[in-house]
Amino acid sequence: MNEAIYNRIAMLRAERGISRRELADALGVHYQTIGYLERGEYSPSLHLALRISAHFEVPVEVIFSTDPFPRLGAAATRA
Amino acid sequence: MDCVLDVCDLRMRYGKVDVLTGVSFTARRGEVLVLLGPNGAGKTTTIEVLEGFRLRSAGRVSVLGSDPAHGGEAWRARIGVVLQSWRDHGRWQVRELLAHLGRYYAPYSTPGLTRPWDVDDLLETVGLTEQAGKRARHLSGGQRRRLDVAIGIVGRPELLFLDEPTAGFDPEARGEFHDLVHRLSDLEEVTILLTTHDLDEAERLADRILILAGGTIIADGSADELSRAASTRSEVRWSRDGQRFVHAAEDATAFVRDLFRQYGESVQDLEVRRASLEETYMAMVREAEAGAARRPLGVVT
């Protein structure tokens, strides 16, 4: 029973120029946990998911989805 | 006399810069205090004032019952000092050097305490028996540091200052050094004040941890008390139906109680991780520095 949750934390974090360390400190989790969340090894609790979206000031569905996010085009990956 | 160190509102000013703005703490006999703080916070200055090497600007300081600004030879003989780096005596053989330095302490023996430390005992205590005949400059870095410690304790001090004693030690040498500190405090009732940047070391050694930041002591307590005092969250991890979850809880116990109420036996692999001393330390220092930045500049209180 795979109830995978997909997320775009890494993308948002890179776009905002926030380090894993900074995000970890803001959320009150360990540094490595950000990596676990970004790779989908762990799913956040609902409360933590809402706090992540509040931190980025976007609706929760912008970051989390039950379906894989579409691959981003060249427009969004410009450095 | 049970109170070995009594520091009250210690202030230090270099020119127009206030390095210490009011440091207060005490140490009882046989206690191990670890002084933590960012570089430049004034740890070494504080220790130098207590050692009598530096004259304070203000405040009341009592070290082994005397003011270190007026401590005589007899007072100094009761104190051991290991500085950050100490690279002289290179041509001396280890045993000779310790025997030589030890002789200075002989006049300060008391009925209850024979000074200096017997050289063979001391060599064994610091783990330098095999290097007794070697010249100091031929010792490895870790052995050299042990010799520094041996020099610091040869006079059987009642109070020992150690400034970053394990910098450059490998894990084994560090472990042996920790055993030595425990032995000195537990068996010899030596009071120890040490500085380090190694927070695992602080957690392992300290009866009490003092955090110096912004010129004052911002925290004073055991590692456990500090982590309870800091407003950090605990991380809770668990799995359910093969899926792993993580949550950051202010009250981990209440969260876990709810978790079981909701999911019962399907909750597996539960882990609750409180903030480490490192995280607690970083949070406290950051908070103190933010507070200092909010304070108006140029005001000396």
Side-chain angles (χ1 to χ4, degrees), chain A residues 1-70, chain B residues 38 199-200 203 226-291:
Chain A
M1 47 178 105
N2 186 11
E3 297 177 0
I5 307 268
Y6 300 90
N7 76 78
R8 295 199 283 201
I9 300 170
M11 196 205 84
L12 264 159
R13 191 172 56 71
E15 188 231 14
R16 302 288 169 90
I18 301 170
S19 71
R20 279 191 207 182
R21 161 62 61 203
E22 287 164 333
L23 184 57
D25 289 345
L27 298 174
V29 298
H30 290 263
Y31 171 76
Q32 287 92 343
T33 301
I34 300 300
Y36 294 149
L37 287 169
E38 291 182 352
R39 292 191 298 273
E41 287 179 47
Y42 279 82
S43 301
S45 64
L46 179 58
H47 187 264
L48 185 57
L50 289 168
R51 284 183 50 227
I52 292 170
S53 62
H55 182 77
F56 286 112
E57 297 175 313
V58 294
V60 70
E61 62 270 23
V62 170
I63 310 183
F64 297 99
S65 169
T66 51
D67 300 314
F69 285 100
Chain B
L199 294 159
D200 287 332
E203 196 157 13
L226 261 47
S227 79
R228 283 173 203 283
S231 51
T232 48
R233 292 166 192 266
S234 299
E235 189 174 306
V236 185
R237 298 180 187 182
W238 70 99
S239 69
R240 191 163 48 81
D241 302 333
Q243 208 180 342
R244 282 176 288 192
F245 294 91
V246 61
H247 176 72
E250 307 224 20
D251 183 349
T253 311
F255 178 81
V256 169
R257 204 182 290 123
D258 279 350
L259 191 66
F260 279 107
R261 193 175 293 137
Q262 198 170 353
Y263 298 109
E265 291 186 2
S266 66
V267 175
Q268 309 254 308
D269 303 319
L270 178 70
E271 243 183 290
V272 178
R273 296 171 65 183
R274 279 218 340 240
S276 66
L277 179 59
E278 183 175 349
E279 288 158 328
T280 303
Y281 168 83
M282 294 299 285
M284 284 181 165
V285 169
R286 238 188 333 251
E287 216 168 279
E289 283 172 350

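Lettering follows sequence order; numbering is per chain, from 1. Every value quoted in this text rests on a predicted model; they were computed, and no experiment measured them.
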Participant: Passes side-chain contact (heavy atoms from CB on, under 4.5 Å), Arg244(B) versus Ser43(A)? Steps please.
Facilitator: CA-CA 6 Å; Arg244(B) 282 176 288 192; Ser43(A) 301; over 6 Å; no

Participant: Do other residues, nucleotides or ligands put more than 12 heavy atoms under 6.0 Å from the CD atom of Glu57(A)?
Facilitator: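 Result for CD/Glu57(A): open.
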
Participant: Checking heavy atoms, do the side chain of Glu279(B), its backbone, both or neither come under 4.5 Å from chain A?
Facilitator: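 Side chain only.
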
Participant: So, taking the atom named CZ in Arg237(B) and the one named CD in Glu41(A), what distance separates them when rounded to the nearest 0.5 Å?
Facilitator: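 With rounding to 0.5 Å, CZ (Arg237(B)) is 9.5 Å from CD (Glu41(A)).
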
Participant: Determine whether more than 12 heavy atoms belonging to other residues, nucleotides or ligands lie under 6.0 Å from atom CD of Glu278(B).
Facilitator: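 No, not enclosed.
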
Participant: How close do Ser45(A) and Trp238(B) get, counting heavy atoms only, and between which atoms?
Facilitator: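 Looks like CB-CH2, 4.0 Å.
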
Participant: Show the nearest heavy-atom pair for residues Ala248(B) and Leu27(A), with the distance to one decimal.
Facilitator: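 Minimum heavy-atom contact is CB-O, 3.4 Å.
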
Participant: Looking at every heavy atom in both Leu48(A) and Val246(B), which two are closest together, and how far apart are they?
Facilitator: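 So the minimum-distance heavy-atom pair works out to CD2-O, 3.5 Å.
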
Participant: Can you tell which part of Tyr36(A) gets under 4.5 Å to a heavy atom of chain B, answering side chain, backbone, both or neither?
Facilitator: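 Only the side chain of Tyr36(A) comes within 4.5 Å of chain B.
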
Participant: Closest approach of Phe245(B) and Tyr42(A), non-hydrogen atoms and distance?
Facilitator: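 Closest pair (atom of Phe245(B), atom of Tyr42(A), distance): O-CD2, 3.3 Å.
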
Participant: May I have all residue pairs that pass ring pair (Phe, Tyr, Trp, His ring centres under 6.0 Å) and include part of residues 43-64 of chain A, sequence neighbours excluded?
Facilitator: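 Those involving residues 43-64 of chain A are His47(A)-His247(B).
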
Participant: Against chain B, work out which of Leu46(A), Leu37(A), Asp25(A), Ile5(A) has the most heavy-atom pairs shorter than 4.5 Å and name it.
Facilitator: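 The candidate making the most pairs under 4.5 Å is Asp25(A).
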
